[in-house]
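Remarks on the structure that follows.
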Amino acid sequence: METAPILKNKIFLYLTEFFAGMSVMAVELGASRLLAPYFSSSQIVWTIIIGTIMIAMALGNIYGGRSADKRPDPGRLYGRILIASVWIAAIPVAGKYIVLGISALLIFTVSTNFLIWAAFAACMVIFVFPLFLLGTVTPSLAKYSVDSLEDSGKIVGTLGAFNTVGSIIGTFVPTFISIPAVGTSITFLIFAGILLVLSLVYFFSARKGAVKGGVAAVLFLICCLCGRSDSFAFWEQDLTYEGESVYNYLQVRENDRSVILSTNVLFGVQSIRMKENGLTGMYYDYAMAAPLMTAREKPEECSVLILGMGTGTYARQCRSYYGDMAIEGVEIDDRITALARKYFELPEDVKVTTYDGRAYLNAIDRKYDVIMVDAYQDITIPFQMSSVEFFTLVGEHLNENGVMVVNMNMRGNSEGNINQYLADTISSVFGEVYTVDVERSTNRELFAGNNPDMIANLNRHIGGFADRELSALMSDVSENLTAYEAGPYLMTDDRAPVELLGMKVIDELIRDEVAYYKKIYQEKGVKGVIEAL
């Protein structure tokens with residue numbers, strides 16, 4: 001076995017194990033951030049990421065052990081680490097294009113479970129190979145480190161400890177330091193650089209591999225120059241803001257009429273501000289019926305709590321139309337709250353607490369006339385905010401004759417869809433439950449309480465507004481409200497399969513959206529689709 005001088009005291013081998021473990025976890029967390037803007041950050045996507053990475057590591061372990069037995073040359077291991085470093089550095093350059101390319105291909109060929117197949121294919125193409133290479137590190141180092149059977153247990157144990165400690169640090173650093181500070185792309189580059197330096201140090205010590213080390217260094221520098229971008233929506237040229245937080249990808253775009261926040265690259269409006277302070281044309285307008293359903297004489301007398309504040313669209317709309325209401329919100333992402341103050345004119349006197357919505361309810365004893373639950377986004381409905389226990393907690397924080405309004409943003413049609421589960425669960429807690437579909441969207445608003453006069457209270461206010469547009473909308477809401485008939489579908493803290501239920505609805509939405517283009521594709525091929533776009 002060829003031995004470089006730097007390997008004589010084994011410290012360098014332990015450092016290699018440490019940084020390899022750290023890099024694996026950093027790439028895994030980076031993978032979740034790379035995929036989340038396109039496929040969401042649901043448990044389904046995390047399962048795919050973890051599963052594919054474990055496959056890569058297992059295959060790497062097998063290959064690394066066999067390769068070390070057959071040719072016990074540390075240069076081969078550090079050559080693989082060199083390749084892995086360049087591949088990881090290239091992810092910020094090519095990863096998002098690969099994700100969109102795979103999605104574009106599968107959307108015309110896959111009829112069910114699109115998110116699963118697209119996320120799985122993207123993980124396999126982008127992440128399996130470099131992590132397979134890093135998976136060869138541990139068995140190879142065990143071979144190069146063990147000199148005799150007498151100390152083999154100690155050596156292997158020490159290698160395992162260094163790998164584990166590196167993995168622990170590699171879990172915390174991206175989440176709490178590098179990704180919030182410099183973004184996903186530079187996080188990939190940082191850890192790719194660490195692996196590159198390890199390999200170059202070895203080859204410099206061994207006085208060989210200068211050519212491949214030089215080529216790798218040049219490729220890494222090219223990736224640094226081309227991949228230093230936090231833009232996931234690379235086709236967008238006029239975004240007001242694009243960035244990342246601990247929890248979300250964030251995109252603010254603006255036109256003549258509105259300012260919009262999205263947390264998903266491809267679809268969805270998380271919050272909106274109308275520049276002329278009119279109705280948004282979205283579910284926020286429908287939800288303004290909630291203060292009118294309470295027993296308060298005037299809606300401005302209501303106290304309102306918003307779980308899932310976003311940039312404060314609902315708060316602004318209520319203040320704009322009903323006057324100086326007492327409103328506070330809970331938003332888990334403080335970066336969104338900062339954007340709300342900067343771009344969305346959220347009033348300074350509207351208090352926003354950075355916390356999880358359910359945890360906040362557990363921590364306070366105040367009661368409200370209206371509680372708006374709007375923490376649902378794409379298929380990432382927090383299971384802890386969809387259960388019987390959660391809605392019971394909401395009910396305990398409502399004043400007598402108070403109203404809860406829930407935005408359900410995926411209107412499913414099949415039996416046992418996610419909206420049925422949510423509505424049935426809510427009906428098990430509240431005596432009065434009504435739903436109304438939001439026109440020209442997939443949203444459905446649900447109003448719940450224990451006051452049988454909810455609709456009568458709403459009708460009492462209709463016609464009393466100076467704003468005719470609002471009066472007309474509230475009249476439409478009243479006419480289209482449907483008393484919900486409870487069924488057998490319940491979600492509890494123990495069992496709330498929200499991701500799988502949401503995925504089914506996403507499949508339905510995707511099928512509906514691409515049906516037109518699929519027909520063109522079948523008749524005219526790719527050229528026809530491009531012309532239609």
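Worth knowing before you read on, the calculation uses all heavy atoms, side chains too, and leaves out hydrogens, waters and symmetry mates.
Summarising the geometry, atom CE belonging to M309 is positioned 8.0 Å from atom OG1 belonging to T337; distances are rounded to the nearest 0.5 Å. The CG atom of L29 lies 12.5 Å from the CG atom of L34; values are rounded to the nearest 0.5 Å. A distance of 5.0 Å separates CG of L134 from CD1 of I88, quoted to the nearest 0.5 Å. For the atom pair CD1 of I102 and CD1 of I126, the computed distance is 6.0 Å after rounding to the nearest 0.5 Å. In this structure, CG in L131 is found 11.0 Å from OG1 in T136, a value given to the nearest 0.5 Å. Note that CG of N419 is 4.0 Å distant from CE of M408, once rounded to the nearest 0.5 Å.
For I62, the side-chain contact (heavy atoms from CB on, under 4.5 Å) partners are R66, not counting sequence neighbours. Applying the side-chain hydrogen bond (donor to acceptor under 3.5 Å, both in side chains) criterion to T353, with sequence neighbours excluded, gives no partner residue.
Closest approach of S387 to T492, counting heavy atoms only: CB-C, 3.5 Å. A118 and F39 get closest at one heavy-atom pair: CB-CE2, 3.6 Å. Shortest non-hydrogen contact noted between G310 and E331 is N-OE1, 2.8 Å.
One side chain, S245 or D333, offers a donor N or O that lies under 3.5 Å from an acceptor on the other. No hydrogens or angles considered: a donor-acceptor pair under 3.5 Å links the side chains of E415 and Y489. In summary, the side chains of Y78 and T16 do present a donor paired with an acceptor at a separation below 3.5 Å, with no hydrogens or angles considered. Using modelled atom types and a 3.5 Å distance limit, the side chains of T187 and R33 yield no donor-acceptor pair.
Using a 30° and 60° split on the angle between ring planes, Y63 and F132 fall in the tilted class, from 30° to 60°.
Exactly one of D374, T313, N443 qualifies for a side chain to side chain donor-acceptor pair (under 3.5 Å) with Y283. That residue is D374.
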- Message: Apply side-chain contact (heavy atoms from CB on, under 4.5 Å) to residues V259 and I272 and explain how you reach the verdict.
- Response: CA-CA 6 Å; V259 183; I272 186 170; over 6 Å; no
